[in-house]
**Q** 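This is the structure I want to talk about, given as structure tokens.
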Amino acid sequence: MKIAVLPGDGIGPEIVAQATKVLEALRSDGLKIEMEHGHIGGAGYDAAKDPLPEATLKLSKEADAVLLGAVGGYQYDNLPRPMRPEQGLLRIRKGLGLFANLRPAMVYPELVNASTLRSDIVSGLDIMILRELTGDIYFGQPRGIRTLENGERQGFDTMHYSESEIRRVAHVGFQIAMKRNKKLCSVDKANVLDTSMFWREIVSEVAKEYPQVVTSHMYVDNAAMQLVRAPKQFDVILTGNIFGDILSDEASMLTGSIGMLPSASLDANNKGLYEPCHGSAPDIAGKDLANPLATILSVAMMMYYTFGRADIAQRIEGAVRKVLQQGLRTGDIYEEGKQKVGCAAMGDAVVKAL
Ligand code: IPM
Ligand code: MG
């Protein structure tokens, strides 16, 4: 298992260090794991004046899987756009062809009170958001800021989806639904956007190939409301890049903390980049306060999706459950009566439970 490790910025290095402890523990158990580190985001800019240095992309292309922390920091906020940390993330997704972004939102029984929503609304929640990751308004050209004939300035972006882009991610969505509760809800804005009207047409066509899956379509504004009204109605949510960005942040709070949510971004051959859904949290960076569980759970997804080792994925998830049962909590999921621990202690506890 050749893994490129890209810690990135902010809390990235701390949380990734906990996840690599888990990988090292698995290695000493006999798994053949090779890890090589690289720079991305602000760290890439600092090291090579590029948020995705050539060497990092090469390392990531040669690896079977990439483990990423997070990117971004205040000190990079005023750089010209191509040098911003986020560009590193967008470019590595595009460069590796990682079009299928899986963002599961699961509520652990131990954390049911950590959600801001009533426990009867969220307990037992288990949904999978599948976000298309390399198309849409995120990458559409032309884009920019231009001056109109009347002298007024205007910002503009382009939203588009081609048939093949929709088809391939739809297939991934239906295949995931087949392994779960066989329900897929495709989210769009087909009442306003032509791109969405086309999205809905193609998803409906692909749906015919999966007759066992109950398919529905929902407008994104309604989906945003339904996610907080009755989130358990969903099994798989299939959506485009920008809607998926927004809905996955919303869904994360159903689970109590975005600090618990892993993600996988896969190409057509299950090569993947694995990262927590949360950002680099520069306000708490370097203070041993971050929750490493989303990153550790991302390693579980790596074992499952890239390496086909459901057994190891379950072992990691089991270890996470165990530390939660033991009452260990980082600040973001802390509640009275539990034991507050730092990032490193949480990582150590998971390794011990493993
Ligand atoms: C995410 C993030 C990124 C995105 C940013 C940092 C570019 O919000 O992974 O959800 O919008 O995709
Ligand atoms: Mg986001």
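Just so you know, ligand 1 is whichever comes first in the structure, and atom 1 is the first atom listed for that ligand. Just so we're clear, the structure is a prediction, and the values are computed from it rather than from any experiment.
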**Q** Under a 4.0 Å threshold between the charged nitrogen and the carboxylate oxygen, would Lys232 count as salt-bridged to Asp126?
**A** no
**Q** Output a table of donor-acceptor pairs, distance under 3.5 Å, between side-chain atoms of residues 253-270 and any protein atom two or more places apart or on a different chain; print 'none' if there are none.
**A**
from   : atom 1 : to     : atom 2 : distance (Å)
Thr255 : OG1    : Ser252 : O      : 2.6
Thr255 : OG1    : Ser257 : O      : 3.3
Ser257 : OG     : Gly259 : N      : 2.8
Ser257 : OG     : Asp332 : OD2    : 2.7
Ser263 : OG     : Glu275 : O      : 2.7
Ser265 : OG     : Asn101 : ND2    : 3.2
Asp267 : OD1    : Asn269 : N      : 2.7
Asp267 : OD1    : Asn270 : N      : 3.0
Asp267 : OD1    : Lys271 : N      : 2.9

**Q** I'd like to know if Arg103 contacts ligand 1, where contact means a heavy-atom distance under 4.0 Å to any ligand atom.
**A** yes
**Q** How does Gln87 reach ligand 1, by side chain, by backbone, by both or by neither, if only non-hydrogen atoms under 4.0 Å count?
**A** neither
**Q** Give the atom numbers and elements of ligand 1 that come within less than 4.0 Å of a heavy atom of Arg131.
**A** 1 (C), 4 (C), 9 (O), 10 (O), 11 (O), 12 (O)
**Q** Is it possible for you to check whether Arg143 lies under 6.0 Å from the centre of the six-membered ring of Phe156, through NZ or CZ, and within 45° of that ring's axis?
**A** no
**Q** Not counting sequence neighbours, which residues clear ring pair (Phe, Tyr, Trp, His ring centres under 6.0 Å) with His37? List them please.
**A** none
**Q** Verify side chain to side chain contact (heavy atoms under 4.5 Å, CB included) between Cys343 and Asn291, making sure each step is shown before the conclusion.
**A** CA-CA 6 Å; Cys343 181; Asn291 183 349; over 6 Å; no
**Q** List in chain and number order the residues that pass ring pair (Phe, Tyr, Trp, His ring centres under 6.0 Å) with Phe174, two or more places apart in sequence or in another chain; answer none if no residue qualifies.
**A** Tyr210
**Q** Considering the Mg ion (ligand 2), could you give the total of protein N/O/S atoms lying closer than 2.8 Å?
**A** 1
**Q** Glu275 near ligand 1, heavy-atom distance under 4.0 Å?
**A** no
**Q** Measuring from Glu62:CD to Leu57:CG, what's the distance to the nearest 0.5 Å?
**A** 10.0 Å
**Q** CG/Asn241 to CD/Glu132 distance, rounded to the nearest 0.5 angstrom?
**A** 5.5 Å
